[in-house]
There are 2 protein chains.
Amino acid sequence: MVVGRDRQRRNKWKTRPVRQDIHTSGIPVLCVSCEARHRGICGALEPIQLVELARASTKHVLEEGAELIGDAEPIDNYANILSGVVKLTKSLPDGRQQIVGLQFAPDFLGRPFSEESAIGVEAATPVSLCSFPRRTIQRLIEATPGLERRLLMQALRELDEARGWMMTVGRKTAAEKVASFLLLIARNIDPTLDGEGAPAGAFDLPLTRADIGDFLGLTIETVSRQFTRLDRDGLISVKGRRVEVLDMGRLADLAGA
Amino acid sequence: MVVGRDRQRRNKWKTRPVRQDIHTSGIPVLCVSCEARHRGICGALEPIQLVELARASTKHVLEEGAELIGDAEPIDNYANILSGVVKLTKSLPDGRQQIVGLQFAPDFLGRPFSEESAIGVEAATPVSLCSFPRRTIQRLIEATPGLERRLLMQALRELDEARGWMMTVGRKTAAEKVASFLLLIARNIDPTLDGEGAPAGAFDLPLTRADIGDFLGLTIETVSRQFTRLDRDGLISVKGRRVEVLDMGRLADLAGA
DNA sequence: CGCGCGCTTGATTTGCGTCAATATGCGTGG
DNA sequence: CCACGCATATTGACGCAAATCAAGCGCGCG
């Protein structure tokens, strides 16, 4: 269902009955190369709706460390991640902190139907965002059951991930935790890395040791020690943030099932 | 209050007796006193649909310890919890276990649009269930946007909870963990318990020490020791599974924000 | 009764945190 | 260019909270 204010557009459709034209040429420039159109929530939208959303959207670039909740980005804006890594944090009054989730492109950011529940949202790396007003998305949701389904899917996926990390944080040793984390990042940077005796690959960690500690429930020192141990044992090669996975098999093995 | 409102309506309805009859008497017996009709997913259904669902539903009672995934309850059945506590678990090949969630009435059990993701589902206490075939629920979802929204809401709530427990498991001390857990149970058994200097209340823990340990990432011994400490310090009174909260304020304080 | 199971309690060990010192960039300004 | 300061990492020595090991208790049940 399309909003009424597009009357002239409606007329256009009638005079140009070739629907295919709209499908091919109707995709906003902003969106043509956007991941969110395929794997993200925008995949649920018709070209027309995509145009509507795109018109209300703005692209932002945030530097590392920028908070995107209650601060720069008021709560009335939602967004898709175009690139970069976003961390979701919770903290105790005395300063202890836990990272409760990491989001990558093309994840949807922002919680539908409620205020963001006292969790902090922060750019872990430079991040670029495609953001749009809450009202627009809300309206599209009413009109498009598929959109709500996508949101449900993402929520369920995040739920699975959160539960997986609960296991890691609650029951694994420091070594296993760090291995699991490396696997998460490696897989996210290069999804093809999964093969058995894969040649592995190198990448830069998107998080500082402090962040990694906050994610795994460890201190920076312990994280650092585990890195050097993994290096010494030949599973990886570390130099600062640069990591190369040398033995994917043993790493995955260490991380546990 | 409820009674009064009903009486008033009944008088009004006399002008349209047939339809109202359907509305009042149309609620399946199975459902009349069911929590799921109010706070659960069934609240999104029209009476007609409720009848359809109820007709396909069966009530089950499971004893403590019963597995409800891939076992007694095949994956093609979903269910609402009518009473009891259900635990969601994950485990490592070597036997280490983590409880990644607890569900109470009237939560919906079962994951829409996918196989249950390698997580175990088990009755922590005797549990009664209202279960129905996947097909029926799937069909109702297509027809009722509100239903999908309810599912999204529950998923988002569970996500919040999972993240809250990630913080607890990752960053809190044993004492804080146990206090947080007691709060969770206390609040769930008696939602009115929340007041500041509330008189507090007594209840039976729905979980064994082993389960509590698996939930908090602790051993039974540590859980036990923390219980006796909280008892000695006068925050609670423990005797086996029976717990009485004596000082809600201090307990909540200990649990952290 | 005696056996098993859930729970408590104590003694001992240990993995990880804490504290502290040192290194390694990296930007900034002299 | 080097010198300096600051943030991030590494490394080591030490301490402690929680795990592990080990009895022993209460209680329901065959």
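All of these numbers come straight from a predicted model, not from anything done at the bench. Sequence lines set the chain letters: A, B, ... in the order given, protein chains first and strands last, and positions in each chain run from 1.
For B/Asp204 and B/Arg242, the salt-bridge test passes: some basic side-chain N is under 4.0 Å from an acidic carboxylate O. Between B/Arg225 and B/Glu221 there is no salt bridge, since none of the side-chain N atoms of the basic residue sits less than 4.0 Å from a carboxylate O of the acidic one.
For the pair B/Asp94 CG and D/dT20 P, the interatomic distance rounds to 11 Å; values are reported in whole Å. Across the protein-nucleic acid pair, A/Arg96 atom CZ and C/dG17 atom P stand 13 Å apart, rounded to whole Å. For B/Leu218 and D/dT20, the CG to C1' distance is 14 Å, given to the nearest whole Å. Taking atom CG of B/Leu205 as the reference point, atom P of C/dG6 lies 15 Å away to the nearest angstrom. In this structure, CD1 of B/Ile212 is placed 16 Å from P of D/dA18, rounded to the nearest angstrom. In this structure, A/Asp211 places its CG atom 9 Å from P of D/dA9, rounding to the nearest Å. As a whole-Å value, the separation of B/Arg242 CZ from D/dC27 P is 16 Å. Atom CG of B/Leu230 and atom C1' of C/dT8 are 15 Å apart (whole Å).
Contact record, B/Ala105 with B/Arg39: O-NH2, 3.7 Å, taken as the closest heavy-atom pair.
Looking only at side-chain heavy atoms (C-beta outward), B/Gln103 and B/Val85 stay at 4.5 Å or farther from each other.
Under 4.0 angstrom from either OP1 or OP2 of D/dT8 there lies no side-chain N or O belonging to A/Thr208. For the OP1/OP2 pair of D/dT10 and a distance below 4.0 Å, the side-chain nitrogens and oxygens of A/Ser224 include at least one atom meeting the criterion. Between A/Arg241 and D/dA9, a side-chain N or O to OP1/OP2 separation shorter than 4.0 Å is present. For B/Thr228, a side-chain nitrogen or oxygen approaches OP1 or OP2 of C/dT9 to under 4.0 Å. For the OP1/OP2 pair of D/dT11 and a distance below 4.0 Å, the side-chain nitrogens and oxygens of A/Arg225 include no atom meeting the criterion.
Place A/Glu221 and A/Thr173 on DNA chain C by their nearest nucleotides, and A/Thr173 ends up nearer the 5' end. Where B/Gly217 and B/Lys239 each meet DNA chain D at their nearest nucleotide, the meeting point lying more 5' is that of B/Gly217.
For a distance-only test at 3.5 Å, the side chain of B/Arg229 fails to qualify as a donor-acceptor partner of the base of C/dT8.
Nucleic acid contact class of B/Gly213 (heavy atoms, under 4.0 Å, all strands): none. No engagement by A/Ile220 is indicated, since no non-hydrogen atom pair under 4.0 Å with the nucleic acid exists.
Here the rule is salt bridge (Lys or Arg N to Asp or Glu O under 4.0 Å) with A/Asp107, and of A/Arg150, A/Lys87, A/Arg157 only A/Arg157 fits it.
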